[in-house]
Amino acid sequence: MAPSGRISQSAFDGSRLRVILLLDLYEGAQQQFLDAYELMCKQVASVPGHISDQLCQSIENPSQWLITSEWESAPPFLAWVNSEEHVETVKPMHSCVRDTRSMRYSILRETGPAQSASRAGAPTGMQVAARVGDGVARHALTFTVKPGSESKVAEILAGYQSPRAQVDETTRLRRTSLFMHGNRVVRAVEVEGDLLVALRHVARQPEVRAVEEAINPYLEQDRDLTDPESARVFFTRAALPAVQHVVSSRPTPADLRRHALYYPAKEGCGMELARLLADQDRAASDDPDSPVYGSTVFQRDDIVVRLIDITGELDLDPVASLGLKDTRKAAELELLLDGAAIGVEGSLKTERNINRLLSHADMLPVTDRSADS
């Protein structure tokens with residue numbers, strides 16, 4: 001499938017995925033790391049969608065290592081890397097590694113023997129066209145707070161002082177949007193430049209650390225941000241990756257409003273639900289009458305969040321606002337959505353239930369701050 005130039009992020013282009021993990025080891029930890037890597041290899045070899053991996057050591061600095069892996073496509077990798085199984089699998093590596101950096105790439109072109117594209121039964125699908133973006137990376141975190149603490153947590157999160165937007169010469173915080181749905185918090189960030197550099201910059205800011213410490217007593221999952229292992233596990237579990245970002249090709253409207261919609265999926269259906277919404281938003285980007293100008297779909301396990309920039313009120317076109325083209329797609333959504341978890345049970349073919357779903361899915365805006373505001 002050739003992606004539209006309006007799609008700057010996508011896990012659904014059907015191409016193979018190359019994952020690159022750069023590691024800096026502690027001195028003397030090489031053998032411990034190799035043992036942990038061998039254990040990880042045995043476990044990941046049986047993961048659906050995994051094709052191969054390589055372990056490389058720098059010829060210039062023996063503490064620097066590189067792990068590359070190839071996957072049939074992005075969805076199976078994302079399902080694996082965001083799973084509890086993955087969290088447990090990589091734990092033995094933590095005490096060996098001083099620093100890591102993970103990068104994921106769709107395979108766009110490939111040279112070499114023809115058989116290399118089909119080794120080990122791998123599909124030959126590749127991304128046909130390069131995506132054209134705006135130089136902005138998008139990511140989100142999600143976590144839950146103790147029931148009954150929602151209003152206090154919202155007050156704390158809304159009252160923080162924004163950190164300096166300019167991180168370095170090439171990295172800048174563009175926008176932070178924070179929403180709540182019941183006791184679930186979702187924080188979405190937009191970064192111009194290096195996402196990892198920006199996230200580390202934010203984490204070091206005193207005003208941000210103060211807010212994080214203030215909400216610690218209310219979190220359902222305990223964490224200690226002064227303990228690197230505790231912080232690593234918390235943020236690994238809280239990661240909510242963007243699986244697609246798309247914008248319309250028409251001129252940017254002046255009256256855009258940002259909303260976040262929460263779609264809890266039935267067990268095991270999160271990726272398919274995210275794919276359904278991504279497909280619909282991609283189609284909507286070609287529709288000049290669609291009120292949705294831009295959309296980012298985030299997904300982890302059975303949690304799907306859709307961040308949209310929309311013209312007009314959300315309820316003027318409930319079907320389009322929900323990311324659906326027509327009632328036929330509503331029927332598909334019904335099969336994937338955990339209606340009981342969001343308080344909307346019954347057929348989504350009725351106007352009443354569509355309106356109820358929109359109302360129940362719409363998340364409470366806590367704060368939305370851009371670098372220019």
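For this chain, numbers begin at 1 and follow the sequence in order. Only this structure's heavy atoms are used, side chains among them; waters, hydrogens and symmetry mates stay out.
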Original post:
Distance from Gln43 atom CD to Thr89 atom OG1, nearest 0.5 Å?
Top reply: 4.0 Å
Original post:
Any Lys/Arg nitrogen of Glu220 or Lys146 sitting under 4.0 Å from an Asp/Glu carboxylate oxygen of the other?
Top reply: no
**OP:** Indicate yes or no: does Arg258 engage Asp309 in a salt bridge with an N to O separation below 4.0 Å.
**Re:** yes
Original post:
Hey, is the main chain of Asn82 close enough, under 3.5 Å, to the side chain of Arg300 for a donor-acceptor pair?
Top reply: yes
**OP:** Check whether more than 12 heavy atoms from other residues, nucleotides or ligands sit under 6.0 Å from atom CD of Glu207, and answer yes or no.
**Re:** yes
Original post:
Are the side chain of His181 and the backbone of His360 linked by a donor-acceptor contact shorter than 3.5 Å?
Top reply: yes
Subject >> Separation between CG of Leu333 and CD of Gln280, rounded to the nearest 0.5 Å >> reply: 9.5 Å
Subject >> salt_bridge(Arg209, Glu212) N-O dist < 4.0 Å >> reply: no
**OP:** Using the six-membered ring wherever Trp is involved, compare the ring planes of Trp71 and His50 and label them parallel, tilted or perpendicular (cut-offs 30° and 60°).
**Re:** perpendicular
**OP:** Of all the heavy-atom pairs spanning Arg282 and Ile7, show the shortest one and how long it is.
**Re:** CD-CD1, 3.0 Å
Subject >> Electrostatic pair Lys325:Asp287 at N-O distance under 4.0 angstrom >> reply: no
Original post:
CZ/Arg16 to CG/Leu108 distance, rounded to the nearest 0.5 angstrom?
Top reply: 11.5 Å
Original post:
Between Gln244 and Ala278, is there a donor-acceptor pair closer than 3.5 Å when you use the side chain of the first and the backbone of the second?
Top reply: yes
**OP:** Verify whether one side chain among Arg109 and Thr111 offers a donor that lies under 3.5 Å from an acceptor in the other.
**Re:** no
Original post:
Which heavy atom in Ser83 sits nearest to a heavy atom in Asp301, and how many Å separate them?
Top reply: CA-OD1, 4.5 Å
Subject >> Separation of Ser290 OG from Ile310 CD1 (nearest 0.5 Å) >> reply: 7.5 Å
Subject >> Approximate separation, where rounding is to 0.5 Å, of Met103 CE and Leu22 CG >> reply: 4.0 Å
Subject >> Where Val292 and Ala320 come nearest, the two heavy atoms and their spacing >> reply: CG2-O, 3.7 Å
Subject >> Nearest-0.5 Å distance, CD of residue Gln9 to CZ of residue Phe298 >> reply: 7.5 Å
Original post:
With distance as the sole test, does Ser58 use its side chain to make a donor-acceptor pair with the main-chain N or O of Trp65 at under 3.5 Å?
Top reply: no
Subject >> Over all atoms of both residues, closest heavy-atom pair of Asn353 and Ser347 >> reply: ND2-O, 2.8 Å
Subject >> Heavy-atom neighbours of Lys152 NZ exceed 12 at 6.0 Å >> reply: no
**OP:** Grab the two heavy atoms, one from Asp255 and one from Gly312, that are nearest each other, plus how far apart they are.
**Re:** OD2-N, 4.4 Å
Subject >> Heavy-atom pair of closest approach, residues Ser95 and Tyr26 >> reply: O-CD1, 3.5 Å
**OP:** Could you tell me whether the side chain of Tyr263 and the main chain of Leu322 form a donor-acceptor pair under 3.5 Å?
**Re:** yes
Subject >> Exceeds 12 heavy-atom contacts within 6.0 angstrom, atom CZ of Arg352 >> reply: no
